[in-house]
Undergrad: 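Once you've had a glance at the structure underneath, I'll fire off some questions.
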Amino acid sequence: MTPEQLSTAIVGALTDLVDSGALTLPDAVPASVVVERPKSKEHGDYATNVALQLAKKAGLPPRDLAGLLADRLRATEGIAAVDIAGPGFLNITVEAAAQGALAAQIVEAGAAYGGSDLMAGEKVNLEFVSANPTGPIHLGGTRWAAVGDALGRIFEASGADVTREYYFNDHGAQIDRFSTSLLASAKGEPTPEDGYGGAYIADIAQQVMQTEPRVLDLPDDEAQEVFRSVGVNLMFDEIKQKLHEFGVDFDVYFHENNLHESGAVKRAVERLTDLGNTYEKDGALWLSTEQFGDDKDRVIIKSDGKGAYLSGDLAYYLDKRERGFDRCLIMLGADHHGYVGRMMAMCAAFGDKPGENLEILIGQMVNLLSDGQPLRMSKRAGTVVRHDDLVDAIGVDASRYALARYTSDTTIDIDLDLWAKQTNDNPVFYVQYAHARLASILRNAADLGLSAARGDAFDPSLLSHEKEGDLLRALAEFPRVVAAAAQLREPHRVARYLEDTASSFHKFYDACRVLPMGDEEPAPIHAARLLLVEATKTVIANGLHLLGVSAPERM
RNA sequence: GCCCUCGUAGCUCAGCUGGAUAGAGCGUCGGACUUCUAAUCCGGUGGUCGCAGGUUCGAGUCCUGCCGGGGGCGCCA
C-alpha cells in the first residue's frame, strides 16, 4: 500500500460517506488528499489531515469527521489500524503484507520506477549554461549544467518531451573584445583596454596561429576576423568537450548570430510593433515593457540602428515558441536576475503567459572553499572560479552531486576537502556506498545460488521488521519525490531523498541479516529480503541516474 | 533609493508548498565487527527558526515593517 493508494482509499471513504448521506460537503470530494509520513513513529506509518481541512465545510467538529472516516478506513484491505489523534489527525498503520508487496512492484518496474506521466504531452525547452565563448566555463555555468541536466532527466522521467538548449552568444561587443585580445596576444602586445586576459587567451591565440600560420601577414581587420572565427570555434569546442566530460550534452546549440543574419530579430520586432507594444523615442525603438510589469520600458533597437541585447532574446524566444515549445525555461545566474522583469514583460508583450510559457530560474552563486578559505575570489586580479577548479579537485560525480544537492536559490560554499573525502562525511559517497553494498549482497547471493523471491514464492508479510517497514516506506516515497522535484523545479529533493533512503537501508542492513549465516538453510525470509535489496538498489540507482551521478557496483 | 534572494543547532544544510514535541549530517562525548563492504550502525550533547507585529483552530512556512549577508539596477553584452 503506497501513499498514493492510501490517498485513493481515503477519497473513496469520503465519497462513500457523502453518498450514504452521513456527510455533506458544499464542494465535490477532493480528487486526492495529502498523505504524509509522520515525523514521530507514535503517529503511525502515515497520517492525513483531511478531517481538519474539511471540518469547516462539512459543518462537523474535526474529530467527529475523523471518526467517520476512521470507521470506513478500518474496513479497508491492507490497513491494520486507524487512530484519531490531536485535533483530528488520522494516524494509519499499514499491514506488513500490503506494504511489502511494493518490493515486487519496484523490481518489476525497474528503471521506470519513480517516473510518471505528470508532464506527458508537454514540450519543454531547457536553456542553461549558455556561457559566452570568450573564456572557460565559470562555476555558475557548472552549477546549472548539473542542476539543469538533472531537471531535464526528472522532466523526462515525468513524461515530458525535453530539449536541452545552449544559447551561443557569438555576436556583439564581447566577441569583438575576445578577438582583439587574441590578436594582441599573438602579436605579443599587451591586453587591450576592456580585453580578456589570462593564460587561456595566449593558448587560444597560439592554436589559431597553428591552424592559420600566416594569419599575422594579413591586415589587422582581416586577421582579427580570423582570430574571431577560429578562436570562437576553438573556445566553443573546449566548452562542449568539458560539458560532455561532465555528462551534459545539448540537443541544440543555438547561435545568436543566426537570429541577426536570418532576419529573425527584425520579424520579432515587427510582430511586437503590430501588437502595438513598441514606440519610437530619441531615435531608438522601445518596447513598452512597463505596462507588463517591468520597472521601465526598454530599448530594443538602438539609435545607431543596431539591435540592443534584448532584441536577440526577443527573437530567440519567438523562435522557440515557433518550434513548438509550450514551456521555455531559462536558467540564469543571480548576476542576471535583473533580466527577469523585462523578459517576463517581453513574453506578455507577445501575448503569452509569463510563468507558464516562459519560466526563468535563478541560481545563486557558488563559492569553493579549500582549507576553509575561499578559492581565488580576487575580482581585481580578474581571476574567477572556473568549472575546472571544481571538477579537477573532486571529480564529476561529487561535483554534480554537490551542485545538485542544494536549492538553487541559496548561495553555496563547496568545501573541496570534504567532497574529495572517501568517507561518510561526504554525502555522495554515503549514497554510492549504499548502492555498492546492495550490489555486494546480490553478488554474494548469486555465489550461494540464491535468488530473490518471485511471484507467488514471495510472501510480503515476512517483511515485518520495523527497519524493513521503514525502508519500504522510504522506497514508496520515491515517485512523490520525483513528482515534487519536477513540479517545483527542485532536483535537490532527489539528492536529499537518496540520503534518507540510503540511511534507511544502512539501518535495515544493520538490523536484518539478508543472507543465511554459516550452515543455516535458506528460508523464505532470505528470499524476501533479497527482493527488498533488489528493490532498494533499483531506487537508489534510479535516483542517482536522475542526478547524472554513477551508481557503482563496487567501491 | 528601488528590485531579487537568503537568514533554522558550534559548522553545512533539510523542512513534503499551513499541521502534531522543528529534523539530518558534520563536530563533540560514549558504545557496537568470529559470519552479507565498520566508507556502516546505536546512544548522549546541542534551538528566542534574524527581530517585531498580523492573518487562524494551528505559522519555520503566508502578509506587513525593520535588521543583517549576497546579487542586480546602462541606447554594455
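Every heavy atom of this structure was used, including side-chain atoms; hydrogens, water molecules and symmetry mates were not. Protein chains get the first letters and strands the later ones, always in sequence-line order, with residue 1 at the start of each.
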Undergrad: Evaluate A:Phe254 against A:Asp319 for side chain to side chain contact (heavy atoms under 4.5 Å, CB included), listing each step before the verdict.
TA: CA-CA 10 Å; A:Phe254 197 98; A:Asp319 184 89; 3.4 Å; yes

Undergrad: With C1' as the reference atom in both, quote the distance from B:U17 to B:C62 in angstrom, rounded to an integer.
TA: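 Result for the C1' pair: 11 Å, nearest Å.
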
Undergrad: Just call it for A:Ala334: base, sugar-phosphate, or nothing, with non-hydrogen atoms closer than 4.0 Å on any strand.
TA: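 Contact class for A:Ala334: sugar-phosphate only.
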
Undergrad: Cut-off 3.5 Å, side chains only: do A:Asn257 and A:His171 have a donor facing an acceptor?
TA: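 Result is yes, a qualifying pair exists.
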
Undergrad: Just checking, is any N or O donor in the side chain of A:Tyr279 or A:Asp297 under 3.5 Å from an acceptor N or O on the other one?
TA: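 Judged by distance alone, the side chains do pair up.
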
Undergrad: Using the six-membered base ring of B:C36, report whether A:Tyr509 stacks on it, requiring centroids under 5.5 Å and planes under 30° apart.
TA: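 So yes, this residue stacks on that base, both cut-offs being met.
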
Undergrad: Produce the list of close N/O pairs, under 3.5 Å, pairing protein atoms with atoms of nucleotides 16-18 of chain B; give distances to one decimal.
TA:
none

Undergrad: Taking N and O atoms by type only, does the side chain of A:Asp194 place a donor or acceptor under 3.5 Å from a partner on the base of B:A77?
TA: no

Undergrad: Any protein N or O atoms within reach of nucleotides 3-10 of chain B? Criterion: under 3.5 Å, listing atom names and distances.
TA:
| unit_1 | atom_1 | unit_2 | atom_2 | d |
| --- | --- | --- | --- | --- |
| B:U5 | O2' | A:Asp409 | O | 2.9 |

Undergrad: Under 4.0 Å, counting only non-hydrogen atoms across every strand here, what does A:Arg496 touch: a base, just sugar-phosphate, or nothing?
TA: sugar-phosphate

Undergrad: B:A59 and B:G27: how far apart are their C1' atoms, nearest whole angstrom?
TA: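 So the two C1' atoms sit 31 Å from each other.
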
Undergrad: Would you mind writing out the side-chain donor-acceptor pairs for residues 471-479 of chain A within the sub-3.5 Å range, not counting sequence neighbours?
TA:
| unit_1 | atom_1 | unit_2 | atom_2 | d |
| --- | --- | --- | --- | --- |
| A:Arg473 | NH1 | A:Asp45 | OD1 | 3.1 |
| A:Arg473 | NH1 | A:Gln99 | OE1 | 3.2 |
| A:Arg473 | NH2 | A:Asp470 | OD1 | 2.9 |
| A:Glu477 | OE1 | A:Arg480 | NE | 3.4 |
| A:Glu477 | OE1 | A:Arg480 | NH2 | 3.1 |
| A:Glu477 | OE2 | A:Arg480 | NH2 | 3.1 |

Undergrad: Can you tell me how far P in B:G60 sits from the matching atom in B:U55, rounded to whole Å?
TA: 16 Å

Undergrad: Is A:Ser40 touching bases, backbone alone, or none of the nucleic acid, heavy atoms closer than 4.0 Å?
TA: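 Since no nucleic acid heavy atom lies under 4.0 Å of A:Ser40, the category is nothing.
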
Undergrad: Closest approach to the side chain of A:Arg437, judged atom by atom: which nucleotide of B:C75, B:A20, B:A38 is it?
TA: B:A38

Undergrad: Mind checking if A:Lys56 touches a base, just sugar-phosphate, or nothing, with heavy atoms under 4.0 Å?
TA: sugar-phosphate

Undergrad: Which one, B:A39, B:C26, B:A77, comes nearest to the side chain of A:Asp425?
TA: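 Output: B:C26.
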
Undergrad: Rounding to an integer number of angstrom, what distance separates B:G74 and B:U56 when you compare their P atoms?
TA: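 It works out to 42 Å between them.
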
Undergrad: Going by centres under 5.5 angstrom and planes under 30 degrees, do the aromatic ring of A:Tyr430 and the base ring of B:G25 stack?
TA: no

Undergrad: If I take atom CG from residue A:Asp170 and atom CG from residue A:Asn258, how far apart are they, to the nearest 0.5 angstrom?
TA: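 It is 7.0 Å, given to the nearest 0.5 Å.
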
Undergrad: Measure the shortest side-chain to side-chain distance between A:Leu361 and A:Trp144 over non-hydrogen atoms and say whether it is less than 4.5 angstrom.
TA: yes

Undergrad: With a 4.0 Å cut-off on heavy atoms, is A:Leu418 in touch with a base, just the backbone sugar-phosphate, or nothing at all?
TA: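 Nothing: the residue A:Leu418, judged by heavy atoms under 4.0 Å, touches no strand.
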
Undergrad: Between the base of B:A20 and the ring of A:His43 - centre-to-centre under 5.5 Å, planes within under 30° - is that a stack?
TA: yes

Undergrad: Provide the closest heavy-atom pair for A:Ile175 versus A:Asn169 in the form atom of the first, atom of the second, distance.
TA: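 So the minimum-distance heavy-atom pair works out to CD1-O, 3.5 Å.
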
Undergrad: Any donor-acceptor pair, under 3.5 Å, between the side chain of A:Ser440 and the base of B:C36, if you only look at N and O atoms?
TA: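 For A:Ser440, whose side chain was compared with the base of B:C36, there is no donor-acceptor pair (under 3.5 Å).
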
Undergrad: Taking salt bridge (Lys or Arg N to Asp or Glu O under 4.0 Å) as the cut-off, I'd like each qualifying pair that reaches into residues 413-431 of chain A, sequence neighbours left out, listed once.
TA: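 Those involving residues 413-431 of chain A are A:Lys421-A:Asp425.
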
Undergrad: Does A:Glu490 have any side chain to side chain donor-acceptor pair (under 3.5 Å) partners at least two apart in sequence or in another chain, and if so, which?
TA: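 Counting only residues at least two positions away or on another chain, A:Glu490 forms a side chain to side chain donor-acceptor pair (under 3.5 Å) with A:Arg493.
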
Undergrad: Describe the nucleic acid contact of A:Lys296 in one word from base, sugar-phosphate, nothing, applying a heavy-atom distance below 4.0 Å.
TA: sugar-phosphate

Undergrad: To the side chain of A:Glu42, which of B:A20, B:A77, B:U21 is closest?
TA: B:U21

Undergrad: Taking only residues two or more places apart in sequence or in another chain, which ones pass side chain to side chain donor-acceptor pair (under 3.5 Å) with A:Tyr401?
TA: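 Side chain to side chain donor-acceptor pair (under 3.5 Å) check on A:Tyr401 returns A:Glu499.
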
Undergrad: Starting at the 5' end of RNA chain B, which residue's closest nucleotide do you reach first, A:Lys421 or A:Pro87?
TA: A:Pro87

Undergrad: Which residues satisfy the side chain to side chain donor-acceptor pair (under 3.5 Å) test with A:Thr180, sequence neighbours excluded?
TA: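 So A:Thr180 forms no side chain to side chain donor-acceptor pair (under 3.5 Å) with any residue.
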
Undergrad: Does RNA chain B take part in any stems of at least 3 consecutive Watson-Crick or G-U pairs (both distances under 3.5 Å), and if so, which ones?
TA: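 RNA chain B stems, ordered by first number: B:1-7 with B:67-73, B:10-13 with B:23-26, B:27-32 with B:40-45, B:50-54 with B:62-66.
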
Undergrad: What integer number of Å spans the P atoms of B:G43 and B:A24?
TA: 10 Å

Undergrad: For the side chain of A:Tyr339, starting at C-beta, report the closest nucleotide among B:A14, B:A77, B:A20.
TA: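 Nearest listed nucleotide: B:A77.
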
Undergrad: For residues 510-522 of chain A, tabulate all N or O donor-acceptor pairs below 3.5 Å that involve a side-chain atom, not counting sequence neighbours.
TA:
| unit_1 | atom_1 | unit_2 | atom_2 | d |
| --- | --- | --- | --- | --- |
| A:Arg513 | NE | A:Leu515 | O | 2.8 |
| A:Glu520 | OE1 | A:Met517 | N | 2.8 |
| A:Glu520 | OE2 | A:His526 | NE2 | 3.4 |

Undergrad: Between A:His255 and A:Phe168 (judged by ring centroids, cut-off 6.0 Å), do the two rings come close enough to count as a pair?
TA: yes

Undergrad: Heavy atoms only, 4.0 Å cut-off, all strands: where does A:Ala85 land among base, sugar-phosphate and nothing?
TA: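 Since a base atom lies under 4.0 Å of A:Ala85, the category is base.
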
Undergrad: Here's one to test your reading of the geometry: is the NZ or CZ of A:Arg342 within 45 degrees of the ring axis of A:Phe292 and under 6.0 Å from its centre?
TA: no

Undergrad: I want to verify the glycosidic state of B:C33; is it syn or anti under the 90° rule?
TA: syn

Undergrad: Identify the heavy atoms of A:Ser408 and A:Arg143 that sit nearest to each other, and give their distance.
TA: CA-NH2, 3.5 Å

Undergrad: Between B:G47 and B:G10, how many Å separate the two C1' atoms, rounded to a whole number?
TA: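 These two C1' atoms come out 12 Å apart once rounded.
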
Undergrad: Quick check on RNA chain B: between A:Met517 and A:Ile301, whose nearest nucleotide comes earlier from the 5' end?
TA: A:Met517

Undergrad: Taking atom P in both B:G58 and B:C6, what distance in whole Å separates the two?
TA: 27 Å

Undergrad: What contact category does A:Gly86 fall into here, base, sugar-phosphate, or nothing, at under 4.0 angstrom with non-hydrogen atoms?
TA: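 Nothing, no nucleic acid heavy atom in range.
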
Undergrad: So, using ring pair (Phe, Tyr, Trp, His ring centres under 6.0 Å) as the criterion, who are the partners of A:His506 when residues are at least two apart?
TA: A:Tyr430, A:Tyr433

Undergrad: Measure the CZ-CG distance between A:Arg298 and A:Leu314 for me, rounded to the nearest 0.5 Å.
TA: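 Going from CZ on A:Arg298 over to CG on A:Leu314, the span is 12.5 Å.
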
Undergrad: Could you pull out the closest heavy-atom pair between A:Ile154 and A:Val482, with the gap in Å?
TA: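 Here A:Ile154 and A:Val482 meet closest at CG2-O, 3.7 Å.
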
Undergrad: If you restrict it to nitrogen or oxygen atoms, what contacts under 3.5 Å exist between nucleotides 31-33 of chain B and the protein, and what is each distance?
TA:
none

Undergrad: For A:Arg405, report the nucleic acid contact type (base, sugar-phosphate, nothing); a contact means any heavy atom under 4.0 Å.
TA: nothing

Undergrad: A:Asn91 near the nucleic acid: base, sugar-phosphate alone, or nothing, with a heavy-atom cut-off under 4.0 Å?
TA: base

Undergrad: Check whether the side chains of A:Thr273 and A:Thr278 place a donor and an acceptor atom closer than 3.5 Å, and report yes or no.
TA: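 The answer is yes; a qualifying pair exists.
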
Undergrad: How far does the C1' atom of B:C11 sit from the matching atom of B:A38, given to the nearest Å?
TA: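 Per the computed distance, 25 Å lies between those C1' atoms.
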
Undergrad: Which is true for A:Ala445 with a 4.0 Å heavy-atom rule: it touches a base, it touches only sugar-phosphate, or it touches nothing?
TA: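 Nothing, no heavy atom under 4.0 Å.
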
Undergrad: Contacts to RNA chain B from residues 57-66 of chain A, heavy-atom cutoff under 4.0 Å, which residues?
TA: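 Correct list: empty, so none.
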
